[in-house]
Each structure stands twice: as C-alpha cells, then as structure tokens.
There are 2 protein chains.
Amino acid sequence: MSTLSSPRITETPTAITQIGRLERVTLGERVHAELRELLMSGELAPGQKMSLRSVAETLGMSIMPVREAVARLVSDQSLEVLPNRAVRVPLMSRARFRELTSVRLAVEGFAAEEAARNRSASDLVAMQRFEEAFLDQARSPDPQADQAVRANKELHFAVYRATGLPTLVGIIEGLWLKIGPVLNFDLKISPDRLRTGGAVEQHRRLVAAVSAGDGATARKALTDDIEGAATFIESTGRLLD
Amino acid sequence: MSTLSSPRITETPTAITQIGRLERVTLGERVHAELRELLMSGELAPGQKMSLRSVAETLGMSIMPVREAVARLVSDQSLEVLPNRAVRVPLMSRARFRELTSVRLAVEGFAAEEAARNRSASDLVAMQRFEEAFLDQARSPDPQADQAVRANKELHFAVYRATGLPTLVGIIEGLWLKIGPVLNFDLKISPDRLRTGGAVEQHRRLVAAVSAGDGATARKALTDDIEGAATFIESTGRLLD
DNA sequence: ACAATCTAACTGTGATCACAGATCGCGGCA
DNA sequence: TGCCGCGATCTGTGATCACAGTTAGATTGT
C-alpha cells in the first residue's frame with residue numbers, strides 16, 4: 001500500500017500520504033470512539049459487564065488498545081471496574097440520576113442560551129436537518145429507536161457546537177456518556193415515549209428560538225426537554241435505591 | 001510484609017488488612033493524581049515536554065502506569081501528544097484562554113450559587129479555614145506562591161463540594177487542569193498579583209455570601225474573582241497568537 | 001569553516017508474558 | 001438431595017519486548 005508506484009524513496013508527498021500525516025489515529029483512539037458511541041446510544045445497558053480480552057478478541061486486536069480506551073472511560077466514570085476486577089457500565093441510582101439531571105439542566109441550558117447568541121447559518125442548517133430526522137421517526141408508524149436516538153443526539157450537539165465553545169461540548173459529551181445508558185437503553189425498551197413525550201414540541205421550540213436568537217426561550221425549551229425525559233425515566237421505576 | 005505475625009492463613013481480618021481491602025489503589029491511579037496535582041498547581045509550564053520513560057524512571061516504575069495516566073490526561077486534553085510523539089503541556093492561545101474562561105464563568109458561577117443553597121456547617125468550616133490560609137500568604141511580606149495556590153484551590157473546591165454535586169466538581173477539576181498551568185505558573189512568576197489582585201476581597205465576599213445563603217452575591221463574587229485573574233493574565237501578554 | 005549525511009539513541013504504540021486474586025463448575029462427602 | 005471444597009479458568013494490572021518513526025550528534029566531504 002505504501003510505495004507500490006513510487007519511483008523514488010524520498011518523493012514529493014502525494015495527497016494520500018498527506019492525509020495519512022494529518023492525524024495518525026491510534027487503535028486505542030478508535031476503540032474509545034467505538035465504546036463512546038455504544039454508551040451514548042444506549043446500546044450498552046447499565047450493569048452490563050465486559051472483559052478486556054473478550055472485547056479485544058471481538059475487535060481483532062490485542063488487549064492494549066482496549067485497555068487504554070477502557071482506562072479513559074473509567075477515568076471519567078463512564079465505565080467502572082469493580083473490586084472484583086469486573087468492568088461494567090455503572091448502575092444508576094435515583095439520587096445519581098437526579099444529580100446528573102441537575103448538572104445537565106445548568107450546563108446544557110447555558111449552552112442553549114449561548115447557541116442562540118452565536119449560531120451561524122450552517123449551524124441552523126444542521127439543526128433543522130436533525131430535527132426533521134427525529135420528527136420522521138417520532139411520527140413513523142414503525143419508529144426505529146436507534147435512528148431516533150441518533151437524530152436526537154445530533155440535534156442536541158448541533159446546538160451545543162453552535163456555541164463555539166468546544167470545551168463546553170466536551171463537558172456535555174461526558175454527561176451524555178454517563179446518562180446515555182439509562183436514557184437511551186430505556187427508550188429502546190419503551191419506544192412509545194417518542195410519541196407521548198414532548199420531545200418533538202421542545203425540539204421545535206428549541207430550533208426556532210436558537211434561529212431567532214432568543215436565548216431565554218432556547219434555554220427553556222431545552223430544559224423542558226431534559227426534564228420531560230427525566231420525569232419519564234423516574235416514572236418507570238427502573239432506577240435503583 | 002504479609003503474614004509475618006499471622007498464626008493462621010485464614011484469619012479474622014485485622015484493621016490493617018481491612019484498610020487494604022477498602023480500595024486497592026492502582027499505580028496508574030497514583031501517577032494520575034500526581035500529574036494532576038502538578039498541572040493544577042502550575043508546577044508544569046505550558047509547552048513543557050516529558051517522556052513516558054523518563055517519568056517512569058523518576059517514579060521508579062515501568063512505563064505502564066505512566067502510560068495509563070498520561071493517556072487519561074491526553075484524553076481530556078490536559079496533556080497532548082504531538083505528531084512527533086512528544087508529550088507536552090498544551091500551549092494556550094488567547095482565544096482558548098477566553099473560551100475556557102467563558103465556560104468557567106458559567107459552570108463555576110452556577111456552582112457558587114448552588115453552594116449557597118446547599119452548604120452544610122462543615123462546608124463553612126472548610127471554606128473559612130482555607131480563606132484564612134490564603135489571606136496569610138497574601139498579607140505575608142514573603143508570600144509563598146505554592147502555598148497561596150494551594151489555599152486558593154482548596155477554598156474554591158470547598159465551595160464547589162458544598163454543592164453536593166460531585167459530577168459538577170469533576171467537571172470543574174477538568175477545567176482547572178487545563179487552565180492551571182497558565183494561571184498558576186504565571187502566579188509563581190509574578191507573585192505580586194497576590195497583593196494587587198482583588199482575590200482577597202472576592203474570597204471574603206464569596207465566603208460571606210455562601211454562608212448567608214445568598215446565591216446571587218456568591219456567584220458575583222466568584223465570577224469577579226475569575227475575571228480579575230483572567231484580566232491580569234491577558235495583560236501580561238504571555239498568551240500566544 | 002560549513003553543510004550534508006548517516007547512524008545511534010529515543011519516542012509513543014501495540015503485543016505478549018507474568019502474576020495475584022476472583023469466579024465458577026465439577027466432584028465428593030454427608 | 002444438598003452443601004462444601006478444590007482446581008481450572010478468567011480477571012485487571014504491571015513489566016518487558018518489538019517496531020516504525022523521529023531527533024540529535026558526530027563524521028565526512030567539499
């Protein structure tokens with residue numbers, strides 16, 4: 001793959017080699033991204049266990065990259081390793097769920113407000129695209145939970161990215177990693193929340209307010225969205241303690 | 001060290017063995033804590049490079065625990081590994097400094113407000129203790145920068161812990177890891193900021209407001225504190241770009 | 001005297017081995 | 001039939017080796 005058609009060893013960099021230079025993505029980085037996606041989209045249930053070796057074998061590599069990725073996720077408490085050395089998705093108590101929800105209301109609410117002040121035209125395009133994608137699933141007679149989860153996530157993060165504060169986006173990603181397993185695994189169990197919940201309405205208000213530059217309303221729409229989902233989760237009684 | 005004075009193999013757990021059980025802290029965890037402390041207290045300057053092997057040799061261990069600790073810090077961008085494989089404390093541009101300050105104002109401001117609502121008696125004791133420790137250094141004719149940095153950090157986090165939101169405390173720790181090298185390394189260079197800056201006054205207002213349960217004033221005192229330091233840092237002209 | 005070149009040392013990343021401790025299943029005793 | 005005990009297996013963590021790629025220093029050629 002490297003120098004098949006290269007007449008000389010030291011040649012002028014081609015477009016392909018340039019791409020390789022831009023960012024050599026490490027294996028551990030790829031595993032990290034993979035596990036993040038699984039957690040955020042609720043494909044891993046709270047309490048689900050895994051082992052470094054089994055994951056490594058599944059992905060066809062040694063345990064080293066898996067080890068690094070898991071260590072990073074354990075570091076920010078998206079995963080946990082028990083005293084017995086078992087790695088699992090943390091269980092969620094009612095108290096912890098409420099704590100995370102409180103922080104989300106403050107942080108994501110601030111983000112919505114900032115997004116309304118800073119959004120660019122391309123931000124609005126992205127938001128509208130994912131709002132529509134979510135709407136399609138919510139209205140569908142046969143809604144695909146994973147598609148809805150994905151659209152919901154993309155819509156929210158389109159708003160958050162519009163703040164122009166990448167650090168803030170990173171913080172919110174950390175929050176979603178922790179709450180995703182509960183929020184979205186539950187959604188896959190009871191997908192009727194797509195219809196009964198007010199998500200569609202709050203998304204409409206959110207996008208409209210951000211577009212209009214109305215920060216206060218944007219914050220209110222977002223916090224209503226979060227609280228709506230939180231109320232539903234608490235009502236299911238699936239939380240511990 | 002294990003069974004020197006043990007008459008039997010399976011004996012009733014003593015206090016010492018119990019302590020060992022409570023949480024077996026891994027080597028990587030200890031290195032992580034060590035590096036965090038160095039970053040937060042500004043003992044590592046922006047741009048400072050290190051290598052896994054040299055750190056490992058200094059700490060008297062193999063590179064594995066260092067590798068894990070660095071991977072975690074790179075993961076949340078408290079460190080960075082360049083394309084050349086050099087590990088270093090990230091440089092700080094003026095734009096990035098302002099971004100971090102914006103997020104700090106929002107997140108730590110919220111924390112101060114919550115602390116005023118939730119603080120317990122023991123929280124107040126801790127806050128007052130570290131406020132006094134900071135005051136001692138600020139008023140001293142021969143102020144110790146590292147002592148002042150430490151007292152300042154402890155005071156702030158006593159407030160943040162008073163929120164009862166450990167997730168929020170974790171988020172703020174992440175922010176301090178990123179901004180610590182600039183903020184505190186600079187303080188060690190020009191320690192007169194201890195006197196000229198309004199930190200002492202804002203700390204007094206902060207502790208008083210949190211004690212009184214006055215969230216709005218607590219938030220204002222804290223954001224004034226952050227903005228005062230930020231203004232000073234920007235005025236030094238040591239930021240890039 | 002200076003610049004080009006080449007080699008030796010060093011870099012992070014991935015794989016493999018080692019190890020103490022936990023888990024689980026099978027066998028045997030009651 | 002039910003419970004205990006004892007290996008075999010599996011766990012995360014630490015150490016070591018391997019490797020491609022970079023860096024820096026010395027040596028050579030002009």
Side-chain angles (χ1 to χ4, degrees), chain A residues 1-3 8-11 13 17-35 47-75 77-90, chain B residues 1-3 6 8-11 13 17-18 20-35 47-75 77-90:
Chain A
M1 182 222 279
S2 55
T3 57
R8 298 172 54 92
I9 299 294
T10 58
E11 62 176 335
T17 63
Q18 281 287 44
I19 288 181
R21 294 279 169 209
L22 283 185
E23 50 178 69
R24 157 160 170 74
V25 95
T26 150
L27 266 185
E29 183 66 38
R30 239 179 302 186
V31 177
H32 182 68
E34 191 80 25
L35 290 177
Q48 183 151 138
K49 293 182 181 175
M50 63 185 72
S51 89
L52 300 185
R53 286 170 178 85
S54 64
V55 173
E57 192 179 11
T58 301
L59 299 177
M61 58 185 67
S62 85
I63 72 167
M64 277 302 308
V66 179
R67 202 173 151 174
E68 183 201 314
V70 168
R72 290 165 60 182
L73 291 167
V74 168
S75 180
Q77 303 180 60
S78 302
L79 290 178
E80 67 181 358
V81 13
L82 304 178
N84 351 334
R85 306 184 173 174
V87 177
R88 73 167 183 192
V89 181
Chain B
M1 183 223 276
S2 54
T3 57
S6 303
R8 298 172 54 93
I9 299 294
T10 57
E11 63 176 333
T17 61
Q18 281 288 43
R21 294 279 168 209
L22 281 185
E23 50 176 69
R24 157 159 172 75
V25 95
T26 139
L27 268 184
E29 184 65 38
R30 240 179 301 185
V31 178
H32 182 68
E34 192 80 25
L35 291 177
Q48 181 154 136
K49 293 183 182 176
M50 62 185 72
S51 87
L52 301 185
R53 285 171 179 84
S54 63
V55 173
E57 193 179 12
T58 301
L59 299 177
M61 57 185 68
S62 85
I63 72 167
M64 276 302 308
V66 179
R67 202 172 150 175
E68 183 201 313
V70 168
R72 288 166 61 181
L73 291 167
V74 169
S75 180
Q77 304 181 60
S78 302
L79 291 177
E80 66 182 356
V81 12
L82 304 178
N84 351 333
R85 307 182 172 177
V87 177
R88 73 168 183 193
V89 181

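All values below were derived from every heavy atom in this structure, side-chain atoms included, with hydrogens, water molecules and symmetry-related copies excluded. Below, read A as the first sequence line, B as the second, and so on, with proteins coming before strands; counting in each chain starts at 1.
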Go nucleotide by nucleotide along DNA chain C from the 5' end; which of G28(A) and S51(B) gets its closest nucleotide reached first? S51(B)
Pairwise distance NE2(H32(B)) to OG(S78(B)) - rounded to 0.5 angstrom: 8.0 Å
Ignoring the backbone of S62(A), work out which of dG14(C), dG12(D), dT13(C) is nearest its side chain. dG14(C)
Taken to the nearest whole Å, CD/E57(B) to P/dT11(C) is 10 Å
Rounded to whole Å, how long is the line connecting atom CZ of R30(B) with atom P of dT13(D)? 14 Å
Rounded to the nearest 0.5 Å, how far does CZ of R30(A) lie from CG of L35(A)? 13.5 Å
DNA chain C: M61(A) or M50(B), which has the more 5' nearest nucleotide? M50(B)
Take M64(A) and V87(A), find for each the nucleotide of DNA chain D with the closest heavy atom, and name the residue whose nucleotide sits nearer the 5' end. V87(A)
Would you say the base of dG12(C) and the side-chain of R67(B) have a donor-acceptor pair closer than 3.5 Å? no
What is the separation between atom CZ on R88(B) and atom P on dG12(C), rounded to the nearest whole Å? 14 Å
Quick test of your reading of the model: are E29(B) and R72(B) salt-bridged, counting only N-O distances below 4.0 Å? yes
Could you state the atom-to-atom distance from CG of L52(B) to P of dT13(C) in whole Å? 7 Å
When you measure from the side chain of R85(B), which nucleotide among dT13(C), dG12(C), dT13(D) comes out closest? dG12(C)
If only side-chain N and O atoms of N84(B) are considered, is one of them under 4.0 Å from the OP1 or OP2 phosphate oxygen of dG21(D)? no
Could you tell me whether a side-chain N or O of T58(B) sits under 3.5 Å from a main-chain N or O of S54(B), the two making a donor and an acceptor? yes
Just the rounded figure in Å: distance from P of dT22(D) to NZ of K49(B). 14 Å
Taking the side chain of L27(B) as its heavy atoms from C-beta onward, which of dG14(C), dG14(D), dT13(D) lies nearest to it? dG14(D)
Taken to the nearest whole Å, CD/E80(A) to P/dG12(D) is 13 Å
Which heavy atom of V66(B) sits nearest a heavy atom of V31(B), and at what distance? CA-CG1, 4.1 Å
Send over the distance from I63(A) CD1 to dA15(D) P, rounded to a whole Å. 14 Å
Starting at atom CZ of R24(B), determine the distance to atom P of dA22(C), rounded to an integer number of angstrom. 10 Å
OP1, OP2 of dG12(C) versus side-chain N and O of T26(A): anything below 4.0 Å? no
